[in-house]
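Beneath this line is the structure, given in structure tokens, with notes to follow.
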Amino acid sequence: EEWKEKGAAVSTRQEIDQDGRPVPRIVKKGVKDFNFGRTLGEGSYSTVLAATDRQTLREYAIKVLDKRHIIKEKKVKYVNIEKDTLNRLTEHPGIVRLYYTFQDERSLYFVLDLASGGELLKSLKKMGTFDVECTRFYGAQILDAIEYMHNKGVIHRDLKPENVLLDDQMHVKITDFGTAKILEKKSNGSNQGAEDPLDGMESERAQSFVGTAEYVSPELLTDKNACKASDLWAFGCIIYQLLAGRPPFKAANEYQTFQKIVGLEYTFPDGFPPVAKDLIERLLVLDPVKRLPIEHIKTHPFFEGVTWGKGLWKQKAPRLK
Ligand code: ATP
């Protein structure tokens, strides 16, 4: 009966959009439409495999989630959040795109962009540190993707170099939206235009800790609240880490890391580039309202010379240095 879904005409030919990416079809894809290949990685509830569409020969990464395990560990909510957010964020080259989802008796399948370059963290570990040019390029691509998701009403809440994947061109593909938050659209039309850094703040209900200790924002620790600006705190931590080779707040355990964060206890290594230091000091600000907003980050001298928007994604990635 899927053939008659929503009364739309059925096409068996694969349509291609402006960017040469396949347009999701009405006829549902299934396990049998793919050739599964090597394992790209394993998560706590999932295995990610390289796969090829038998019809188009296009390569994907397919995340396979074990239904029984997800139900047993009460992670159904997170799987749904991941699917719902990715379905909202399909038009940006800097975010891993979800093409199809399907299931069989045992598993759920998410068909995603293949990020063959692996995690940004892996590249950073190999290099030790990035130079200013590489940090500017990767920082700009990450920020451009954050701006897009925030405009679409999504807060990531777990940005870190492990969740920044790289494609075959060594361009950024942000992933792991399982702990993201979708903001409800304001219906009364107020606050249009003006950006509210506290967008997404939940006042009543205390939330449980989401994210990774080293990148967690002080407002999440003190008020149990994350907002759009919380992603910019994490962004500041990432810029610092790319240049210094280690995150700004790191201790022997989570508790001590949290203490450093709420106390804004961090220092810059000798020789840290002053312009980058200035940017980071405007991002690692305890009060989320006072954190530099995206529009001002883009015009900060650290990002001088960067072409924002579409052009940023047509650029050749600098050789890692
Ligand atoms: P956890 O669920 O424990 O937090 P995770 O979020 O890393 O782990 P997955 O999303 O299943 O779990 O990813 C597992 C691994 O597969 C990741 O470490 C990542 O390196 C790799 N991976 C994930 N998505 C892709 C992709 N689209 N392309 C290439 N590799 C990927």
Side-chain angles (χ1 to χ4, degrees), residues 19 21-22 24 29 34-53 58-103 106-126 138 141-142 145 149 154-181 208-216 231 234 238 254 313 317:
D19 305 321
R21 300 194 287 196
K29 293 251 185 200
F34 296 89
N35 284 324
F36 287 80
R38 68 191 185 281
T39 301
L40 297 165
E42 310 244 11
S44 328
Y45 310 96
S46 48
T47 303
V48 181
L49 302 164
T52 310
D53 183 325
R58 195 187 155 92
E59 274 202 289
Y60 295 93
I62 302 188
K63 181 162 168 166
V64 185
L65 301 116
D66 182 64
K67 288 201 247 185
R68 264 182 47 206
H69 191 193
I70 289 164
I71 293 165
K72 203 173 94 213
E73 300 292 322
K74 299 194 164 52
K75 301 293 166 185
V76 175
K77 185 180 147 199
Y78 300 103
V79 174
N80 284 325
I81 289 172
E82 180 160 27
K83 182 177 168 183
D84 293 343
T85 50
L86 286 175
N87 275 329
R88 251 185 201 227
L89 306 174
T90 56
E91 299 142 333
H92 197 279
I95 295 171
V96 164
R97 182 162 161 180
L98 177 63
Y99 292 91
Y100 317 100
T101 56
F102 43 84
Q103 56 180 309
R106 211 175 130 175
S107 313
L108 300 174
Y109 299 83
F110 285 12
V111 182
L112 302 158
D113 271 324
L114 173 66
S116 55
E119 297 172 6
L120 180 64
L121 183 68
K122 187 191 73 184
S123 297
L124 179 64
K125 283 196 166 153
K126 201 162 84 189
Y138 286 106
Q141 288 207 331
I142 294 166
M149 66 175 93
V154 174
I155 311 174
H156 189 288
R157 300 201 292 190
D158 196 16
L159 290 169
K160 55 181 172 179
E162 283 165 88
N163 289 338
V164 178
L165 303 181
L166 301 170
D167 64 14
D168 53 349
Q169 293 184 79
M170 293 296 276
H171 282 190
V172 161
K173 294 268 182 212
I174 294 181
T175 188
D176 205 354
F177 286 83
T179 49
K181 183 179 166 55
S208 53
F209 170 72
V210 296
T212 305
E214 278 83 10
Y215 307 87
V216 97
D231 282 345
I238 294 170
E254 279 196 350
W313 302 90

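Atoms within a ligand are numbered from 1 in the order they appear, just like the ligands themselves.
His69 and Tyr45 have tilted rings, their planes meeting at an angle from 30° to 60° on a 0 to 90° scale.
The side-chain hydrogen bond (donor to acceptor under 3.5 Å, both in side chains) search around Glu119 returns none, not counting sequence neighbours.
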Just the distances, no angles: every ligand 1 N or O to protein N or O pair closer than 3.5 Å, one line each.
| from | atom 1 | to | atom 2 | distance (Å) |
| --- | --- | --- | --- | --- |
| ligand 1 | 2 (O) | Ser44 | N | 3.4 |
| ligand 1 | 3 (O) | Ser44 | N | 2.9 |
| ligand 1 | 3 (O) | Ser44 | OG | 2.3 |
| ligand 1 | 6 (O) | Asp176 | OD2 | 3.3 |
| ligand 1 | 10 (O) | Lys63 | NZ | 2.8 |
| ligand 1 | 11 (O) | Ser46 | OG | 2.5 |
| ligand 1 | 18 (O) | Glu119 | OE2 | 2.8 |
| ligand 1 | 20 (O) | Glu119 | OE2 | 2.8 |
| ligand 1 | 27 (N) | Asp113 | O | 2.8 |
| ligand 1 | 28 (N) | Ala115 | N | 3.0 |

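Between Phe34 and Tyr109, every side-chain heavy-atom pair lies at or beyond the 4.5 Å cut-off. Counting only heavy atoms from C-beta outward, the side chains of Ile142 and Ile174 approach each other to under 4.5 Å.
Contact record, Arg58 with Tyr99: NH2-OH, 3.2 Å, taken as the closest heavy-atom pair.
Here the CG atom belonging to Asp158 is positioned 4.5 Å from the OG1 atom belonging to Thr179, to the nearest 0.5 angstrom.
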